[in-house]
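For reference, the structure discussed in these notes is given below.
We number each residue from 1, following the sequence as shown. Hydrogens, waters and symmetry mates are skipped; everything else that's a heavy atom, side chains included, is used.
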Amino acid sequence: MSKEIVQREGGDVMGELGTADAARAMDEFLLAVIDAASAARRRMAGGRPGETAPAEDFLSMAVAAGLPLRGYYTVAEVSEVTGIPKSTLYTAHREGLIEWRTPRGFERGAIVRPEDVDAYLGVRAS
């Protein structure tokens, strides 16, 4: 992310950079935040800065798996990243263990927020 973007206060980044460049800058920023949070967790747990820690939340796992950083993922993507079969996820949804939504105007194609996957994984771990 350029120094100019970081130093600007209240500037219209989208208008000056264009949508694709602004999205790329935001992705870079969010990945840097995730990396910094992972490093802080390792330090707090007594790990060495160079050590790699297993992904602790769904968003970290998704990014590590090469998926773009988004506020939602498909059931197929959640299955691919977590290794949980889609059928298990659908059963969990019917039982109220994981929440997801169907986009407005669609009858199929559920999308799942990363925090909802995290909540479900917490239920599975206990």
* To do: Apply side-chain contact (heavy atoms from CB on, under 4.5 Å) to P85 and list each qualifying residue two or more places apart in sequence or on a separate chain.
  =>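 So P85 forms a side-chain contact (heavy atoms from CB on, under 4.5 Å) with S87, T88.
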
Heavy-atom pair of closest approach, residues [X] and [Y]:
| X | Y | value |
| --- | --- | --- |
| P103 | G109 | CD-O, 3.0 Å |
| A65 | V81 | CB-CG2, 4.1 Å |
| A76 | K86 | CA-CD, 3.8 Å |
| L59 | P114 | CD1-CG, 4.1 Å |

* **Centroid-centroid distance, F58 to Y73, less than 6.0 Å** =>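 Yes, ring centres under 6.0 Å apart.
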
* Answer yes if the ring centres of Y120 and W100 are under 6.0 angstrom apart, and no otherwise. =>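 No - the distance between ring centres of Y120 and W100 does not fall below the 6.0 Å cut-off.
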
* Among all residues two or more places apart in sequence or in another chain, which pass the ring-ring contact (aromatic ring centres under 6.0 Å, His included) test with Y72? ->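 With sequence neighbours excluded, Y72 shows a ring-ring contact (aromatic ring centres under 6.0 Å, His included) to no residue whatsoever.
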
Between atom [atom1] of [X] and atom [atom2] of [Y], what is the distance when rounded to the nearest 0.5 Å?
| X | Y | atom1 | atom2 | answer |
| --- | --- | --- | --- | --- |
| E99 | R113 | CD | CZ | 6.5 Å |
| T91 | I98 | OG1 | CD1 | 11.5 Å |
| I111 | T102 | CD1 | OG1 | 8.0 Å |

* Asked: Going by side-chain heavy atoms closer than 4.5 Å, which hydrophobic residues are tied to F106, directly or by a chain of links?
  ->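 Same cluster as F106: nobody, lone residue.
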
* Of D116, I84, V78, the residue whose pairing with L121 passes side-chain contact (heavy atoms from CB on, under 4.5 Å) ->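 Per the side-chain contact (heavy atoms from CB on, under 4.5 Å) rule, the option paired with L121 is I84, out of D116, I84, V78.
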
* Taking side chain as C-beta onward, heavy atoms only, is V112 less than 4.5 Å from V75? ->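 They are in side-chain contact.
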
